[in-house]
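Before any comments, here is the structure.
Remember, predicted model here, so these are calculated numbers, not experimental data. All chains are named by letter (A, B, ...) in the order of the sequence lines, taking the proteins before the strands, and each is independently numbered beginning at 1.
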2 protein chains.
Amino acid sequence: MVTMEDVARLAGVSKMTVSNVVNNRAGVSEPVRRRVLEAIRRSGYRVNVSARTLKSGRTGVIGLAVPDVEAAYFGHLASHVIAEARRRGFHVAIEESGANAGGEADAVTRSRTLQFDGLILSAVALDRLEEPADAHYPLVMLGEQDFGGRFDHVAMPNEEGTHAATAHLADQGCRRIAIVTGGSLEGVNMVSRRYRGYRAALAERGLDADPPLLFVLDDMSMEAGRAAADRLADSGLGVDGVVAVTDTVALGLLRGLADRGLRVPGDVRVAGFDDVPPAAYAVPSLTTVAPDHRWMAAKAVELVVRRIAAPLRPTGRYVAPFQLVVRESSAAG
Amino acid sequence: MVTMEDVARLAGVSKMTVSNVVNNRAGVSEPVRRRVLEAIRRSGYRVNVSARTLKSGRTGVIGLAVPDVEAAYFGHLASHVIAEARRRGFHVAIEESGANAGGEADAVTRSRTLQFDGLILSAVALDRLEEPADAHYPLVMLGEQDFGGRFDHVAMPNEEGTHAATAHLADQGCRRIAIVTGGSLEGVNMVSRRYRGYRAALAERGLDADPPLLFVLDDMSMEAGRAAADRLADSGLGVDGVVAVTDTVALGLLRGLADRGLRVPGDVRVAGFDDVPPAAYAVPSLTTVAPDHRWMAAKAVELVVRRIAAPLRPTGRYVAPFQLVVRESSAAG
DNA sequence: CACGGGAAGTTTATCGGTAAAACGCGGAGC
DNA sequence: GCTCCGCGTTTTACCGATAAACTTCCCGTG
């Protein structure tokens with residue numbers, strides 16, 4: 001491995017001067033700078049990040065921990081986070097947390113161990129951190145969970161989104177609107193927030209929200225969505241509209257409804273949440289709540305970078321803007 | 001920050017002993033080991049990875065560079081790579097290369113700069129490395145490109161897969177089988193390999209492979225697939241079967257065919273490649289070539305780990321096994 | 001009873017950078 | 001002619017861990 005020392009010898013200067021050139025610091029004369037750059041080129045030198053980090057305490061890497069790299073909506077987000085971070089001179093390391101509290105806590109620990117300068121954590125399960133030592137680590141919550149305001153939080157428009165979707169279905173003429181969701185309605189989380197938005201929209205319009213119109217799945221997979229179609233079809237509730245908690249569930253549901261011979265939007269109208277890429281190309285294409293992922297990514301990066309610079313400033317909560325994208329699955333009868 | 005020195009003082013031993021405990025090295029008595037562990041717990045100590053790396057030259061991180069974290073098939077792979085690497089005591093850092101040669105070369109540079117111990121590179125565009133300095137960096141090519149055997153390579157069953165898909169369509173009764181692809185047929189790459197498999201299957205059965213049955217798209221997006229449906233429908237070629245170069249293209253195509261009122265599999269049968277999750281839930285569900293992603297991930301990790309240990313051993317090429325998953329889109333008439 | 005050998009710990013010398021202080025030197029000011 | 005200044009560069013002193021060499025001390029053996 002070629003070190004600064006080698007470059008310095010080659011250029012006939014001290015290694016401190018090489019360091020100054022590498023980091024574009026002032027106080028190096030033009031001829032010397034050129035000599036050093038030439039020596040760097042000739043020798044194929046690269047800085048040793050470990051050595052730099054050891055001395056400076058900064059790695060220039062931001063972690064992005066997501067529940068599951070397979071999840072469709074994550075890719076969108078990740079790619080914007082990477083782009084935004086690069087603009088600000090940071091690298092992004094993507095970590096998988098597994099969609100459970102233990103894995104998410106581990107992600108924080110790993111992030112500190114690997115010395116990421118900060119972490120953007122998209123948690124779905126974790127609702128508090130044990131380690132008081134983590135209290136001032138630059139951490140930005142992205143998505144569902146917030147930790148009671150202890151960290152910066154970029155939130156999804158959960159209530160607002162399902163409210164809009166539900167209202168839209170009602171406007172299209174639906175009268176018996178079900179909600180299909182997974183996970184727990186206990187506590188304050190993504191699912192309970194989305195459920196609340198749905199309830200509020202129904203209440204405003206004086207529509208039913210019988211408990212039977214709530215279908216709770218084991219998880220939020222496509223397969224669960226597909227299975228939900230059977231439960232809907234067999235329920236005898238006369239459901240004519242469905243709000244699905246995510247597009248993944250909605251896409252599975254569309255598939256399941258097709259299997260049961262129910263026509264969308266003829267018999268049932270469907271709306272999803274996230275606007276994942278396949279939503280636009282499904283048959284029928286899926287009406288969905290489209291949060292502004294680019295905005296969320298940019299905000300999260302901005303917040304984490306700001307917090308790296310100033311670990312103690314007060315935290316804030318920011319809700320992403322969204323659009324309701326109306327497509328075939330909710331077309332008027 | 002609490003250092004080994006602090007822990008050592010607290011436990012009344014030298015910091016070398018602390019190091020030995022932290023790394024589970026032999027030669028520490030049970031009582032001392034317990035004292036040290038207790039001191040670590042009490043002080044909240046964590047190793048400083050930079051310091052360790054600086055001295056040892058190893059980071060314990062494997063890079064995984066993919067063209068585009070948004071691409072559907074990547075998530076699958078990534079999540080298996082992460083799991084397999086963890087089993088072997090490595091972390092994985094996911095990097096985005098952008099689907100172009102410059103970005104892919106950068107990914108190699110970044111990987112070295114960030115001192116990943118090795119890199120799994122899923123390249124689509126790059127076909128040689130400029131830097132001779134990179135010649136012995138532990139690098140495993142995953143997917144399409146190989147660099148003329150200069151690196152270990154875990155390959156997709158490109159020819160074998162489209163051969164099987166094409167043969168299957170023919171067996172289902174298709175006589176005018178088109179192929180829809182994107183990118184360049186020049187050189188040896190994923191597209192040309194898949195095209196060759198298609199040609200071979202047609203030739204074996206004495207079916208047409210007129211150049212017009214080849215539809216080349218600008219890229220391999222869903223939108224391009226959708227647009228291809230128009231070209232197919234307007235071609236007047238009587239196409240009754242389509243092999244799509246990827247599931248993403250195939251899903252767009254299904255959507256486009258629906259727009260044109262063409263029934264799948266009634267009027268046209270369709271097969272894709274990759275078996276991404278939405279393929280099983282599309283309407284109609286998509287027949288597709290399913291490479292064994294878990295096998296590929298495990299192989300790639302095994303190879304990179306082995307090469308980290310022995311940078312000079314001869315390289316190998318390994319083709320992933322696959323299954324043809326037959327679904328509705330190619331059902332017999 | 002002297003001696004070889006291993007187990008348990010400690011010391012020493014680095015790994016490759018960087019902040020901060022020290023240095024050398026030519027020119028401005030009096 | 002002497003002091004002072006500031007620019008460009010070098011020196012010094014770490015950052016926190018670890019491999020390798022070294023010290024103790026204890027035990028078994030001939």
Side-chain angles (χ1 to χ4, degrees), chain A residues 1-40 43-61 89 91 110 112-117 133 309, chain B residues 1-40 43-61 89 91 112-117 133 308-309:
Chain A
M1 194 47 37
V2 33
T3 77
M4 261 188 186
E5 193 70 55
D6 302 331
V7 175
R9 203 172 312 120
L10 203 61
V13 297
S14 75
K15 68 176 178 173
M16 196 60 225
T17 297
V18 177
S19 173
N20 287 332
V21 170
V22 167
N23 294 285
N24 275 316
R25 277 187 282 255
V28 182
S29 67
E30 208 35 55
V32 170
R33 158 171 266 108
R34 261 204 298 277
R35 267 213 329 276
V36 170
L37 287 175
E38 174 60 17
I40 288 174
S43 61
Y45 166 79
R46 310 174 194 244
V47 296
N48 181 318
V49 183
S50 303
R52 170 181 288 173
T53 300
L54 177 58
K55 186 70 171 111
S56 72
R58 294 266 167 99
T59 53
V61 177
H91 287 288
R110 271 209 307 281
R112 303 207 56 167
T113 301
L114 295 176
Q115 296 181 276
F116 299 154
D117 291 341
Chain B
M1 195 46 38
V2 31
T3 78
M4 259 187 187
E5 192 70 56
D6 302 330
V7 175
R9 201 172 314 121
L10 203 62
V13 297
S14 76
K15 68 177 177 171
M16 196 61 225
T17 297
V18 177
S19 173
N20 288 331
V21 170
V22 168
N23 295 286
N24 276 317
R25 279 188 281 254
V28 182
S29 67
E30 208 34 57
V32 169
R33 156 171 265 108
R34 261 204 298 280
R35 260 206 343 269
V36 170
L37 287 175
E38 173 62 14
I40 288 174
S43 61
Y45 166 80
R46 309 173 193 245
V47 296
N48 181 318
V49 183
S50 303
R52 168 181 290 172
T53 300
L54 178 58
K55 185 71 172 109
S56 71
R58 295 267 167 99
T59 52
V61 176
H91 288 288
R112 304 206 57 168
T113 300
L114 295 175
Q115 298 181 275
F116 300 154
D117 291 342
I308 289 167

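Taking every heavy atom of both residues into account, B/D117 and B/G60 meet most closely at OD2-N, 2.7 Å. Scanning both residues, B/S19 and B/M4, for their nearest heavy atoms gives CA-CE, 3.4 Å. Considering all non-hydrogen atoms of both residues, A/L114 and A/T59 come closest at O-CG2, 4.5 Å. Between A/L10 and A/A39 the shortest heavy-atom distance is CD2-O, 3.7 Å.
Residue B/S56 places none of its side-chain N or O atoms closer than 4.0 Å to OP1 or OP2 of C/dC15. For A/T17 and D/dT9, the shortest distance from a side-chain N or O to OP1 or OP2 is not below 4.0 Å. Neither OP1 nor OP2 of C/dA8 sits under 4.0 Å from any side-chain N or O of B/N20. The side chain of A/T53 contributes no N or O atom lying less than 4.0 Å from OP1 or OP2 of D/dC15.
For the pair A/L54 CG and D/dA17 P, the interatomic distance rounds to 9 Å; values are reported in whole Å. Rounded to whole angstrom, the span from the CE atom of A/M4 across to the C1' atom of D/dT9 amounts to 15 Å. Following rounding to the nearest Å, B/E5 (CD) and D/dC14 (C1') show an atom-to-atom distance of 13 Å. Distance, B/Q115 CD to C/dC15 C1': 11 Å, rounded to whole Å. The separation between B/N48 atom CG and D/dA17 atom P is 5 Å, rounded to whole Å. We find that CD of B/E30 is positioned 14 Å from C1' of C/dA7, with the value rounded to whole Å. At whole-Å resolution of the value, NZ in A/K55 and P in D/dG16 are 9 Å apart. Atom CZ of A/R35 and atom P of D/dG8 are 14 Å apart (whole Å).
Within the nucleic acid shown, B/V49 has no heavy atom closer than 4.0 Å to any nucleic acid atom. Counting non-hydrogen atoms under 4.0 angstrom, B/V28 reaches the backbone sugars and phosphates but no base.
Side chain of B/V32, nearest nucleotide from D/dG16, C/dG9, C/dG17: C/dG9. In the set D/dT11, C/dT11, C/dG17, C/dT11 carries the atom at the smallest distance from any side-chain atom of B/S14. Of the candidates C/dA19, D/dT18, C/dG16, the closest approach to any side-chain atom of A/R25 belongs to C/dA19.
Each of B/M16 and B/S50 has a nearest nucleotide on DNA chain D; the 5'-most of these lies closest to B/S50. Heavy-atom distances to DNA chain C give each of B/A26 and A/V2 a nearest nucleotide, and the one nearer the 5′ end belongs to B/A26.
Residues A/S50 and B/Q115 bring a donor and an acceptor atom of their side chains to less than 3.5 Å of each other.
For B/K15 and D/dG16, a side-chain-to-base donor-acceptor distance below 3.5 Å is absent, hydrogens and geometry of angles not being considered.
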